[in-house]
Amino acid sequence: MNTPKEVIEIVGKIAEAKGNYKVRKTLILAFLAGAYIAFGGLLAIIVGGGSPGIAASNPGITKFLFGAMFPLGLILVVIVGAELFTGNNAYFIPNVLHKKQGVFTVLKNWGLVYVGNFIGAVFVAYVITHLTHLVSSAPFVDSVYQIAIGKTSHTFLVTFLKGIGANWLVCLAVWQGMAAKDTTGKILAIWFPVMAFVAMGFEHSIANMYFIPLAIFEGADITWTTFIVKNLIPATLGNMVGGALFVGMLYGYLFGKEK
């Protein structure tokens, strides 16, 4: 496998390539990533949310089932290639730290990718999930409501802190994926941390761009303002801290020095 220092070198080259993408390419890849994360969310709802009997007697098992399905999205992002805001929160930081890329390049990428991710996630929520009635009946719709209500019921601080935890683990999953040298290794490396953050109930802004709009489309008593203010903003800020500080900056500092 690649060493931590080799991973930082790989990260740096990937970040340089991402920074040179044309706007159209970045937006298309970001749309795909938002859609891929949404597909992972849909699979998690079908399997985890479709097991109310297990949830009643052993809620830990349903949390695991939910978490075990969700990594499909990040696996697709990494293996086939796409632009994910939360992963990019860490990618660019080692290069910025060592003055190989500027802050404007990073902010431009983050902004474009965030918009593209939102469009992709909402597209799958409305067109692929809502219009096809995949989750419109019990127990799936009950799970959709429960997820969205839970995600919009916390204080700003709680959601922010959960956002840190989510992207800390997501970016570690991406880092581990780059440490592996074969497809099977990459899948396993990505699966464990992502499964863990979902099972533990942390907040991933791009996943929430699917889960909460889906609940709105399915008739939940949640407004778009509530979604944005109570969840999306604090989760996004927490994701940025979790990825940029706890992964990108720390590992860039520890293993990105020129020797």
Side-chain angles (χ1 to χ4, degrees), residues 1-15 17-18 33-34 36-37 40-41 44 63-64 66-98 106 109-110 113-114 117 159-209 234-257:
M1 73 173 197
N2 295 310
T3 66
K5 183 169 180 58
E6 289 171 332
V7 168
I8 291 296
E9 293 171 356
I10 295 169
V11 167
K13 291 177 182 177
I14 292 174
K18 289 175 179 288
Y36 296 160
I37 295 299
K63 287 180 181 293
F64 171 74
F66 198 93
M69 298 299 108
F70 185 81
L72 168 68
L74 189 61
I75 289 169
L76 289 172
V77 168
V78 172
I79 301 299
V80 304
E83 287 288 290
L84 182 64
F85 171 77
T86 45
N88 286 7
N89 288 159
Y91 266 119
F92 289 91
I93 303 306
N95 279 358
V96 172
L97 196 62
H98 298 289
V106 179
N109 176 272
W110 286 1
V113 171
Y114 193 80
N117 288 169
T159 302
F160 172 77
L161 294 176
K162 286 187 172 186
I164 292 176
N167 210 28
W168 193 344
L169 285 166
V170 165
C171 290
L172 286 176
V174 173
W175 246 240
Q176 286 192 156
M178 286 183 285
K181 292 187 176 182
D182 60 80
T183 302
T184 301
K186 289 180 182 295
I187 291 172
L188 289 173
I190 293 166
W191 185 84
F192 277 98
V194 176
M195 175 277 293
F197 103 73
V198 176
M200 289 187 283
F202 292 149
E203 296 290 337
H204 187 268
S205 59
I206 312 306
N208 294 349
M209 292 174 182
T236 299
L237 294 174
N239 288 169
M240 292 169 69
V241 172
L245 176 60
F246 288 100
V247 180
M249 187 171 291
L250 292 183
Y251 279 95
Y253 170 75
L254 292 170
F255 296 105
K257 298 176 182 179

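Val106 pairs with exactly one of Asn88, Asn89, Val96 by the side chain to side chain contact (heavy atoms under 4.5 Å, CB included) rule, that one being Val96. Results of the side chain to side chain contact (heavy atoms under 4.5 Å, CB included) test with Phe85 over Asn167, Asn109, Thr236 single out Thr236 as the only residue that passes. Partner of Ser205 under the side chain to side chain donor-acceptor pair (under 3.5 Å) criterion, out of Asn239, Thr86, Thr159: Asn239 alone.
Between the His98 side chain and the Gly252 main chain, a donor and an acceptor come within less than 3.5 Å of each other.
Two residues are said to be in side-chain contact when any heavy atoms from C-beta on lie closer than 4.5 Å; Phe92 and Trp110 meet this criterion. Contact of the Tyr251 side chain with the Val11 side chain is not registered, since no non-hydrogen atoms from C-beta on lie closer than 4.5 Å. Residues Ile37 and Asn117 are not in side-chain contact: their nearest non-hydrogen atoms beyond the backbone lie 4.5 Å or more apart. Residues Ile14 and Met178 form a side-chain contact, since some pair of their non-hydrogen atoms from C-beta on lies under 4.5 Å apart.
Between the CG atom in Leu97 and the CG atom in Leu250 there is a gap of 9.5 Å [rounded to 0.5 Å]. Note: Leu74 CG to Met195 CE = 13.5 Å, rounded to the nearest 0.5 Å. Interatomic distance, CZ of Phe246 versus CG of Leu172, reported as 11.0 Å (0.5 Å rounding). The distance from the NE2 atom of His204 to the CE atom of Met209 is 9.0 Å, given to the nearest 0.5 Å. In this structure, Asn95 CG and Lys18 NZ are separated by 12.0 Å, a value rounded to the nearest 0.5 Å. For the atom pair CD1 (Ile79) and CD1 (Ile75), the distance works out to 7.5 Å, reported to the nearest 0.5 Å.
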In sequence, state the C-alpha distance, the side-chain angles, and the governing distance for Thr3 and Phe255, and then conclude on side chain to side chain contact (heavy atoms under 4.5 Å, CB included).
CA-CA 10 Å; Thr3 66; Phe255 296 105; over 6 Å; no
Side chain to side chain contact (heavy atoms under 4.5 Å, CB included) between Thr184 and Ile187, worked out:
CA-CA 5 Å; Thr184 301; Ile187 291 172; 5.9 Å; no
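Counting all heavy atoms, side chain and backbone alike, Ala166 lies closest to Glu203 at CB-O, 3.2 Å. When all heavy atoms are compared, the tightest approach of Lys186 to Ala180 is NZ-O, 3.1 Å. Taking each heavy atom of Ala90 and Cys171 in turn, the nearest pair found is CB-SG, 3.6 Å. Listed here is the closest heavy atom pair of Met1 and Lys181: C-CE, 3.8 Å.
In Tyr114, the OH atom is crowded: over 12 heavy atoms of neighbouring residues, nucleotides or ligands sit closer than 6.0 Å. Few gaps surround CE on Met200; more than 12 heavy atoms of other groups in view lie less than 6.0 Å from it.
Checked by atom type, the side-chain pair Asn2/Glu9 shows no donor-acceptor distance below 3.5 Å.
Using bins of under 30°, 30° to 60° and over 60° for the plane-to-plane angle, the ring pair Phe64/Trp191 lands in the perpendicular bin. Using the six-membered ring where Trp is involved, Trp175 and Tyr91 have ring planes that are tilted, between 30° and 60° apart.
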